[in-house]
Each structure stands twice: as structure tokens, then as C-alpha cells.
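Structure first, commentary second.
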Amino acid sequence: MHDAANPSLLRRARHDAGMLTVCLIWGANFSVTKLAFAELSPLAFTALRFAAGSVLLWGLVRWTEGRSAFPRGRALWHLVWLGILGNTLYQLGFVLGLARSTATNTSLIVSAAPAVVAILGAWMGLERTTPRTRLGIAFGIGGVLLVVLARPAAAALQARVGDLFTVGALLCWSVYTVGLRKVSGLSALRITAWTAYTGTPGLVLAGAPELLRVRWRAVSPATWGALAYATALSLVLAYLIWNASVRAVGATRTAIYMCVTPLVAVLVAWAALGERPGLLHLAGGVLIALGVVLTRL
């Protein structure tokens with residue numbers, strides 16, 4: 001019994017470590033991307049990011065898995081709509097929201113994904129939520145609310161255009177995450193690659209007018225570095241780990257980690273953008289950590 005349990009514990013620990021890595025990458029990505037917008041517009045930045053990411057993913061697939069049959073029929077259309085939801089529409093909402101709001105506020109809204117994913121998964125009959133899982137989600141969302149209240153003038157929160165874009169992004173990402181459960185016969189790498197391929201054309205089309213206006217010689221090495229970070233780590237590596245986790249442990253248990261991301265985002269924004277966390281941030285962090293533990297037990 002003891003020997004048989006060890007592989008399972010090791011797999012769970014590996015997935016936990018992977019998702020915590022995603023939280024670190026995505027938490028920093030809010031500030032990294034926000035800073036890059038000083039020289040590249042949101043749509044131009046995203047178009048470049050996904051064009052480069054698609055090429056990188058194509059190379060990784062060919063290198064690690066070689067050639068394979070082209071998806072056809074329902075499988076292809078499923079990947080098309082996942083790419084449009086999880087990449088085209090999500091990224092448009094994300095970058096337009098981030099450009100018009102704060103890194104902290106955007107990360108907090110996106111971190112509501114666990115509740116939305118759990119509701120969608122239960123409604124579609126794909127996953128069942130136990131009382132302990134629901135309690136974990138409640139702790140996680142409660143922690144997020146504390147972090148929201150810790151923001152300056154949070155008692156008088158106003159719905160801004162940027163926040164509405166981010167809410168739309170949240171809904172798209174949640175449907176994408178639940179939809180991954182219906183994909184079969186493809187590795188996590190191929191799913192990541194195909195959803196990038198199908199989501200990139202819309203982003204390039206949206207960013208094309210702004211790409212034509214970019215003064216390329218004026219783009220600093222720091223901005224190119226931010227683009228490299230957002231492409232290689234935030235897009236390719238993090239999406240790959242996320243997709244693999246959804247396939248392995250389910251959408252709800254993966255999505256709960258979105259509650260951890262704003263903690264990282266707040267700390268990075270503190271260092272990079274001058275936002276200072278307070279006691280409510282720390283209290284919220286404790287609740288978020290409890291929520292993650294409860295959903296993973």
C-alpha cells in the first residue's frame with residue numbers, strides 16, 4: 001500500500017509544483033506586460049507575442065513529438081473554438097483591460113476563475129464539486145476580496161472600462177478551461193500548440209494596424225525582453241503546464257490556483273510599479289493558501 005501510494009503522491013506534488021510555477025510566471029506577467037505598453041501598444045504587443053509563440057510551439061512539437069495526423073472534423077473545430085476563446089478573445093480582453101486599469105485590479109478579477117470554472121464544470125456535468133472543494137473555493141475568493149479591499153479607495157470601487165474588458169476575459173478563460181476536458185487523443189503540448197495556431201490569426205489581424213505604426217528602432221532592449229518573457233514563459237511554458245494540469249487533475253482543481261496569482265502580482269507590482277501591500281493583503285494570502293490546500297486534499 002505504501003509503495004503504491006508514493007507514485008500518486010509524487011504526481012500530485014509534481015502538478016502542484018507546476019501550477020505554483022504558473023502562478024509565479026503569470027503573477028509577474030501583469031507588471032512585465034504593463035511596463036512594455038509604454039513602447040508597444042497592447043494590440044501590437046499581443047500580435048507579436050502570439051506570432052512568435054506559435055512559431056516556437058511549432059518547433060517544440062516537431063522536435064519532441066515529430067509529425068502527426070492533422071486534426072479533422074469535430075476535433076479540429078473543437079480546437080478552433082478553444083483557440084478563439086482561450087487565446088483570441090481572452091487575450092484581447094486581458095491586454096485591453098490591463099492597459100486601461102491597474103495590474104493589481106486585473107489580476108484580482110482574473111483570479112475569480114475558480115468559482116466560474118467550478119460552476120461551469122458542474123453545470124455541464126464534467127466535474128463534481130465536494131463540500132470541501134466548495135469551501136476551498138470560498139476561502140480563495142474570500143482571500144481575493146480581502147486583497148481587493150486592501151486597495152486604496154477600494155470602498156468606492158467603480159466599474160471601469162478596463163475592468164469590464166477583464167471580466168469578459170475571465171469568462172472566456174473559464175469556458176476555455178472547462179472545454180479542455182473534452183479534448184482527447186492529443187498531448188498537452190499539441191493542445192497548447194493547436195489552440196495557439198487557431199487563436200493567433202485573430203490577434204494578428206487586430207494588431208496589424210498598430211504594428212504598421214511601430215517605430216521599431218525606438219523599441220528598447222527591456223521591451224524586447226518583456227516580449228520574450230511574455231512569449232516563452234507566460235504563453236508557451238505556462239499554457240503547457242496549465243493544459244497538462246487540467247487533463248490530469250481537472251479544471252476546478254487547476255483553476256483554484258488562479259487565486260494565488262494575484263498575490264504574486266501584488267508583490268511584483270509593489271516592486272515594479274510602486275504599489276504597496278498591507279495587512280489585508282497578508283490576511284487575504286492566508287485565506288487563498290487555505291483554499292488551495294482544501295481543494296487539493
Side-chain angles (χ1 to χ4, degrees), residues 22-23 25-54 56-57 82-113 159-177 192 195-216 219-220 222-239 242 258 261-262 264-266 268-269 272-273 275:
V22 170
C23 293
I25 293 172
W26 280 348
N29 189 62
F30 290 96
S31 293
V32 169
T33 302
K34 184 86 172 177
L35 291 170
F37 289 167
E39 295 182 1
L40 286 174
S41 71
L43 294 181
F45 180 89
T46 304
L48 287 172
R49 177 190 180 200
F50 270 78
S54 294
L56 182 57
L57 283 166
L82 282 178
I84 292 173
L85 278 172
N87 287 319
T88 308
L89 297 179
Y90 168 72
Q91 289 296 331
L92 288 175
F94 171 76
V95 297
L96 293 175
L98 182 60
R100 291 163 172 79
S101 186
T102 64
T104 299
N105 210 43
T106 301
S107 67
L108 291 167
I109 294 172
V110 172
S111 71
R160 291 174 290 186
V161 173
D163 294 338
L164 295 178
F165 274 117
T166 307
V167 169
L170 163 66
L171 295 175
C172 290
W173 182 258
S174 299
V175 176
Y176 164 80
T177 299
T192 304
T195 53
Y197 302 156
T198 58
T200 296
L203 294 171
V204 172
L205 184 63
E210 296 188 7
L211 283 171
L212 295 175
R213 293 194 289 267
V214 173
R215 298 169 53 196
W216 298 104
V219 178
S220 67
T223 298
W224 287 118
L227 181 63
Y229 177 96
T231 301
L233 296 182
S234 183
L235 173 57
V236 175
L237 179 60
Y239 266 67
W242 178 276
M258 293 296 284
T261 302
V264 180
V266 166
V268 176
L273 305 175
E275 299 178 13

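In what follows, residues are counted from 1 in the order of the sequence shown.
- In plain terms, the two heavy atoms of Leu89 and Cys172 that are nearest each other are CB-SG, 3.7 Å.
- Across Gly207 and Ala47, no two heavy atoms sit closer than the pair CA-CB, 4.2 Å.
- The minimum heavy-atom distance linking Leu237 with Ile25 is given by the pair CD2-CD1, 3.9 Å.
- Side-chain contact annotation: Ser234 with Arg49, donor-acceptor N/O pair under 3.5 Å present.
- The ring-ring contact (aromatic ring centres under 6.0 Å, His included) search around Phe45 returns Phe37, not counting sequence neighbours.
- Residues passing the ring-ring contact (aromatic ring centres under 6.0 Å, His included) test with Tyr229: none are found, sequence neighbours excluded.
- A 4.5 Å side-chain heavy-atom check between Phe30 and Thr261 finds at least one atom pair inside the cut-off.
- Looking at Leu92 and Thr46, their side chains never come closer than 4.5 Å, going by heavy atoms from C-beta outward.
- Closest of all the heavy-atom pairs between Ala226 and Val32 is CB-CG1, 3.5 Å.
- Between Tyr176 and Trp173, the ring planes are tilted. Angles from 30° to 60° get that label.
- Between Val219 and Leu40 the shortest heavy-atom distance is CG2-CD2, 4.2 Å.
- In plain terms, the two heavy atoms of Thr200 and Ser54 that are nearest each other are OG1-OG, 2.8 Å.
- Here the CG-CG distance, from Leu235 to Leu57, works out to 6.0 Å after rounding to the nearest 0.5 Å.
- In summary, the side chains of Glu39 and Thr223 do present a donor paired with an acceptor at a separation below 3.5 Å, with no hydrogens or angles considered.
- For the atom pair OG1 (Thr192) and CG (Leu82), the distance works out to 11.0 Å, reported to the nearest 0.5 Å.
- Taking CG from Asn87 and CG from Leu203, the interatomic distance works out to 7.0 Å, rounded to the nearest 0.5 Å.
- Aromatic pair Tyr239/Trp242: centroids not less than 6.0 angstrom apart.
- Taken from OG1 in Thr33 to CG in Leu227, the straight-line distance is 9.0 Å, to the nearest 0.5 Å.
- We find the OH-CG distance between Tyr90 and Leu171 to be 12.0 Å, quoted to the nearest 0.5 Å.
- Side-chain contact between Thr166 and Leu98 is absent, with no heavy-atom pair separated by less than 4.5 Å.
- Leu43 contributes atom CG, which lies 11.0 Å from atom CG of Leu48 (distance to the nearest 0.5 angstrom).
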Worked check of side-chain contact (heavy atoms from CB on, under 4.5 Å) between Leu211 and Trp216: CA-CA 9 Å; Leu211 283 171; Trp216 298 104; 4.0 Å; yes
